Colleague: 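Sharing a structure with you now.
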Amino acid sequence: MSNSLFATGINGLVGSEFATQFANSYTIHSLDIANPLNPVDITDKASVVTALSADPTAKFVLHLAAFTNVTDAWNQNGDTSGIAYKVNVTGTRNIVEACQELGLHLIHISTAYVFDGEKDDLYTEDDAVSPIEWYGQTKADAEAVVQESAIDWTILRIDQPFRSDSFPRLDIAHRIIDGLNTDMLYPQFENHYFGPTYINDFSKVVDWVIRTKTTGLFNASSGEKWSDFEFATAIANNKGFTTEIQRSNLDEYLKTLDRPYQRNTAMNTEKLQSVIDFELTPISKALAEIV
Ligand SMILES: NC(=O)c1ccc[n+]([C@@H]2O[C@H](COP(=O)([O-])OP(=O)(O)OC[C@H]3O[C@@H](n4cnc5c(N)ncnc54)[C@H](OP(=O)(O)O)[C@@H]3O)[C@@H](O)[C@H]2O)c1
């Protein structure tokens, strides 16, 4: 089997960890809008088809590129000519159509923000999507484009990803460490919940999909549910900070916010864990691996 694959968004927070971790396993052809020599904008279908035709031995497209700023996306709410919709939905449609033309398997990265966050329990793959803000809506629309296609596809949903090393755009764990270091950590919600995704493990999930050619929809976070306060406290304890973490109440915050915000985005990962050939790292252990 060829060890080449195509990827979008590979220089981002999530993709760059996969590229580093599996540098010896895969040759990655990057469709990168910021490449000065060969910029590829996924909203331009012709560029996408040209880029995905460059290596006939490559059989997978790892699609991470997205408009990921949730607040900026909310400012475009409902605007299907806005950049968030264009990148997340039109861009994904271009990639799906190119995969159809070229016979490529698409690994599409999605988010727990496709849910409304009103469920107390963990979200499963059987729960219907119910986005409440524009980023989540565009990602849900993108999932639909992928699922309605006739190509081989795998959708991997993640939530609040963090990695063991530091990346220029700080992830949730490094934002907390930064706040503790500078004594400027915001009070942490006791009643907002999420399902942290350890990007080092998620990279192994992507490798597993490629190795096994597995298709379908998978929640690919840790399968755990943490409140912001619990997560920050665990990081502080782990890293030897003596700072007392301040508590706050999501309901009070929501009164000041002009956009909807999901209360709980933790996902059940039993489906994934029943098929992968390695163990996911418990989040408490992953926090200890952060440098
Ligand atoms: N980060 C999170 O909290 C989170 C949570 C759940 C799901 N996800 C999903 O995980 C995936 C990766 O997220 P991330 O945090 O790694 O993203 P990120 O750091 O914001 O990176 C996004 C990437 O997309 C690229 N991109 C944006 N517009 C493009 C365009 N028109 N054409 C080509 N490339 C374009 C960017 O390229 P440039 O760098 O050149 O601009 C960048 O490399 C996304 O699909 C996201 O929806 C992320």
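Atoms within a ligand are numbered from 1 in the order they appear, just like the ligands themselves. Remember, it's a predicted structure, so these values are computed and weren't measured experimentally.
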Colleague: As an exercise, identify every atom of ligand 1 less than 4.0 angstrom from a heavy atom of Arg169.
Modeller: 1 (N), 14 (P), 15 (O), 17 (O), 18 (P), 19 (O), 20 (O)

Colleague: Could you please spell out the steps behind the side chain to side chain contact (heavy atoms under 4.5 Å, CB included) verdict for Leu13 and Asp171?
Modeller: CA-CA 8 Å; Leu13 170 68; Asp171 61 41; 4.0 Å; yes

Colleague: May I ask you to list the atoms of ligand 1 that are less than 4.0 angstrom from any heavy atom of Ala65?
Modeller: 24 (O), 25 (C), 26 (N), 34 (N), 35 (C)

Colleague: Can you sort out which atoms of ligand 1 are near Asp41, meaning under 4.0 Å from one of its heavy atoms?
Modeller: 30 (C), 31 (N), 32 (N)

Colleague: For atom 39 (O) of ligand 1, is the nearest protein heavy atom under 4.0 Å away?
Modeller: no

Colleague: Do Gln160 and ligand 1 have an N or O pair less than 3.5 Å apart?
Modeller: no

Colleague: Check the pair Phe231 / Ile283 against side chain to side chain contact (heavy atoms under 4.5 Å, CB included), numbers first and verdict last.
Modeller: CA-CA 9 Å; Phe231 194 68; Ile283 290 299; 4.0 Å; yes

Colleague: Using heavy atoms and a threshold below 4.0 Å, how should the contact between Asp32 and ligand 1 be classified: side chain, backbone, both, or neither?
Modeller: side chain

Colleague: Quick one: look at His63 and ligand 1, take heavy-atom pairs under 4.0 Å, and tell me if it's side chain, backbone, both or neither.
Modeller: neither

Colleague: Below a 4.0 angstrom heavy-atom separation, can you tell me which part of Ile158, side chain or backbone, both or neither, approaches ligand 1?
Modeller: both

Colleague: Of all the atoms in ligand 1, which lie at a distance below 4.0 Å from a heavy atom belonging to Ser110?
Modeller: 7 (C)

Colleague: Can you name the atoms of ligand 1, numbered from 1 with element, that are less than 4.0 Å from a heavy atom of Ala66?
Modeller: 22 (C), 24 (O), 27 (C), 44 (C), 45 (O), 47 (O)

Colleague: Could you tell me whether atom 4 (C) of ligand 1 has at least one protein heavy atom nearer than 4.0 Å?
Modeller: yes

Colleague: Take atom CD in Glu118; do more than 12 heavy atoms of anything else shown fall under 6.0 Å from it?
Modeller: yes

Colleague: Side chain, backbone, both or neither: which part of Ile42 comes within less than 4.0 Å of ligand 1 when only heavy atoms are counted?
Modeller: both

Colleague: Please work out, at 4.0 Å between heavy atoms, whether the side chain, the backbone, both, or neither of Lys86 comes within that distance of ligand 1.
Modeller: neither

Colleague: Looking only at distance, does Tyr135 have an N or O less than 3.5 Å from an N or O of ligand 1?
Modeller: yes

Colleague: Under 3.5 Å between some N or O of ligand 1 and some N or O of Leu64?
Modeller: yes

Colleague: Between Val146, Ile210, Ile155, which is the residue that forms a side-chain contact (heavy atoms from CB on, under 4.5 Å) with Ile107?
Modeller: Ile210

Colleague: Consider every N or O of Thr111 and every N or O of ligand 1, then say whether any pair is closer than 3.5 Å.
Modeller: no

Colleague: Show the atoms of ligand 1 that are less than 4.0 angstrom away from any heavy atom in Val40.
Modeller: 32 (N), 33 (C)

Colleague: Between Phe22 and Val206, is there a side-chain heavy-atom distance shorter than 4.5 Å?
Modeller: no

Colleague: Does Arg263 come within less than 4.0 Å of Asp251, counting only side-chain N to carboxylate O?
Modeller: yes

Colleague: Please give me the minimum heavy-atom distance between Lys239 and Leu287, naming the atom from each residue.
Modeller: NZ-O, 3.5 Å

